[in-house]
Amino acid sequence: MEKVNEVYLIRRVKEKQDMKALHELLDRYRPLINGAKMNFFIRNFDNDDWEQEALIMCYQSCCTYDEDRADNFGAYYRTKFYNHLRSLLRYELAQKRTAFTKSISYDNVVQKNLIKEEVEEMHITPRKEMYQKFIKKLSDKEVIALKVFLGELTIEEASQKTKYSRYQLLQAKARCKAKRIVLNSHRGDKKTIIIFVEFI
């Protein structure tokens, strides 16, 4: 009776694209899928990925299964599923993709504090009004330090024209950063902040 039921489910999937029948078949072969998880390690695969690949291969197996030529759908499905997993492994292990296998996600890098998110925001161009608001908060000396950063003056030219020492300009740069942090904390919007890289 179970053989008839299985054939009926396969026909429902093949002819009517019956998802209920497909899921019932998948549940019957859950031990096969769990065995594949034990035998194959595929990088970054979670349970949802395994479920999806098993479902896709179960559907393809139903569509290509020939009742007259094959006695056992389970063996047929297992062969197709395992061959598919081997193809995924070959793709992952291919020599030309070694850079991908050594990569880690940006979220993991930030979460583990390997880099700070501010580094990624350094090249964001501030909006005009924000920039003007920031400039108004700077002293004359800090404006000179900012001009050095922007390339309008070299540090030597700034020292000669203003009589500020290199040390004073370094201090002015530090104050610029502090004022930028205060401005950012008031806005509470980390994505549109003004960020200055080390420029001296």
Side-chain angles (χ1 to χ4, degrees), residues 1-127 184-185 187-195 197-198:
M1 188 69 182
E2 189 172 327
K3 169 82 171 171
V4 174
N5 286 342
E6 185 171 271
V7 170
Y8 171 75
L9 292 172
I10 293 165
R11 286 176 183 167
R12 292 287 301 168
V13 172
K14 191 174 189 176
E15 295 166 9
K16 307 281 187 187
Q17 285 76 47
D18 187 338
M19 290 304 292
K20 189 175 177 184
L22 181 62
H23 281 284
E24 192 174 329
L25 271 173
L26 199 68
D27 287 338
R28 289 186 182 196
Y29 290 102
R30 183 70 52 196
L32 186 150
I33 297 160
N34 292 337
K37 288 182 188 179
M38 302 288 286
N39 288 318
F40 293 88
F41 174 76
I42 301 174
R43 190 173 185 267
N44 295 328
F45 250 46
D46 60 17
N47 284 332
D48 289 340
D49 295 319
W50 279 103
E51 194 72 16
Q52 177 179 296
E53 296 301 326
L55 197 64
I56 290 168
M57 293 316 299
C58 187
Y59 176 76
Q60 288 182 5
S61 298
C62 287
C63 291
T64 56
Y65 180 67
D66 185 349
E67 299 168 31
D68 299 326
R69 298 185 65 187
D71 287 340
N72 188 339
F73 175 77
Y76 182 72
Y77 173 50
R78 183 186 185 280
T79 302
K80 283 190 74 75
F81 186 43
Y82 273 52
N83 285 344
H84 176 66
L85 294 174
R86 288 184 187 101
S87 295
L88 292 175
L89 276 176
R90 276 194 295 273
Y91 178 88
E92 185 180 336
L93 297 174
Q95 193 65 31
K96 63 183 177 182
R97 296 181 182 90
T98 53
F100 174 76
T101 61
K102 292 174 184 172
S103 66
I104 57 176
S105 77
Y106 176 74
D107 291 336
N108 285 341
V109 169
V110 172
Q111 198 173 35
K112 293 175 183 174
N113 289 324
L114 298 176
I115 63 169
K116 293 186 178 176
E117 272 211 293
E118 284 189 335
V119 173
E120 293 300 310
E121 296 168 358
M122 283 182 178
H123 300 295
I124 293 174
T125 304
R127 292 186 300 197
N184 294 341
S185 65
R187 280 186 56 82
D189 182 13
K190 289 188 176 180
K191 294 298 177 188
T192 55
I193 58 179
I194 303 168
I195 305 284
V197 292
E198 296 294 328

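Side-chain atoms are counted along with the backbone in the values below, which use heavy atoms only and exclude waters and symmetry mates. Quick caveat, the model's predicted, so the values are computed rather than measured.
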Problem - Heavy-atom side-chain proximity of Ile42 to Glu53 below 4.5 angstrom - result: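 No, every pair of side-chain atoms sits at 4.5 Å or beyond.
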
Nearest heavy-atom neighbours spanning [X] and [Y]:
{"X": "Lys80", "Y": "Met57", "answer": "O-CE, 3.7 Å"}
{"X": "Cys62", "Y": "Val13", "answer": "CB-CG1, 3.6 Å"}
{"X": "Ile33", "Y": "Ala54", "answer": "CD1-CB, 3.6 Å"}

Nearest 0.5 Å please: distance from the [atom1] atom of [X] over to the [atom2] atom of [Y].
{"X": "Phe41", "Y": "Leu85", "atom1": "CZ", "atom2": "CG", "result": "13.5 Å"}
{"X": "Gln17", "Y": "Tyr59", "atom1": "CD", "atom2": "OH", "result": "4.0 Å"}
{"X": "Ile56", "Y": "Leu26", "atom1": "CD1", "atom2": "CG", "result": "11.0 Å"}
{"X": "Asn47", "Y": "Gln52", "atom1": "CG", "atom2": "CD", "result": "13.0 Å"}
{"X": "Lys14", "Y": "Leu22", "atom1": "NZ", "atom2": "CG", "result": "14.0 Å"}
{"X": "Tyr77", "Y": "Tyr82", "atom1": "OH", "atom2": "OH", "result": "10.0 Å"}

Handout entry: Tyr8 side-chain N/O to Ala21 backbone N/O, donor-acceptor pair under 3.5 Å
Key =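 No; zero donor-acceptor contacts below 3.5 Å.
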
Exercise for the section: Check for a donor-acceptor pair, side chain of Asp49 on one end and backbone N or O of Asp46 on the other, with a separation under 3.5 Å. Expected result: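 Yes, Asp49 side chain to Asp46 backbone: donor-acceptor pair under 3.5 Å.
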
Practice task
Fit a plane to each ring of Tyr76 and Phe73, take the angle between them on a 0 to 90° scale, and name the class: parallel (under 30°), tilted (30 to 60°) or perpendicular (over 60°).
Solution key: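 Tyr76 and Phe73: tilted rings.
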
Exercise for the section: Determine, step by step, whether Glu24 and Lys20 satisfy the salt bridge (charged side-chain N to carboxylate O under 4.0 Å, His left out) criterion, reporting the C-alpha distance in whole Å, the side-chain angles of both residues, the deciding distance to 0.1 Å, and the verdict. Expected result: CA-CA 6 Å; Glu24 192 174 329; Lys20 189 175 177 184; over 6 Å; no

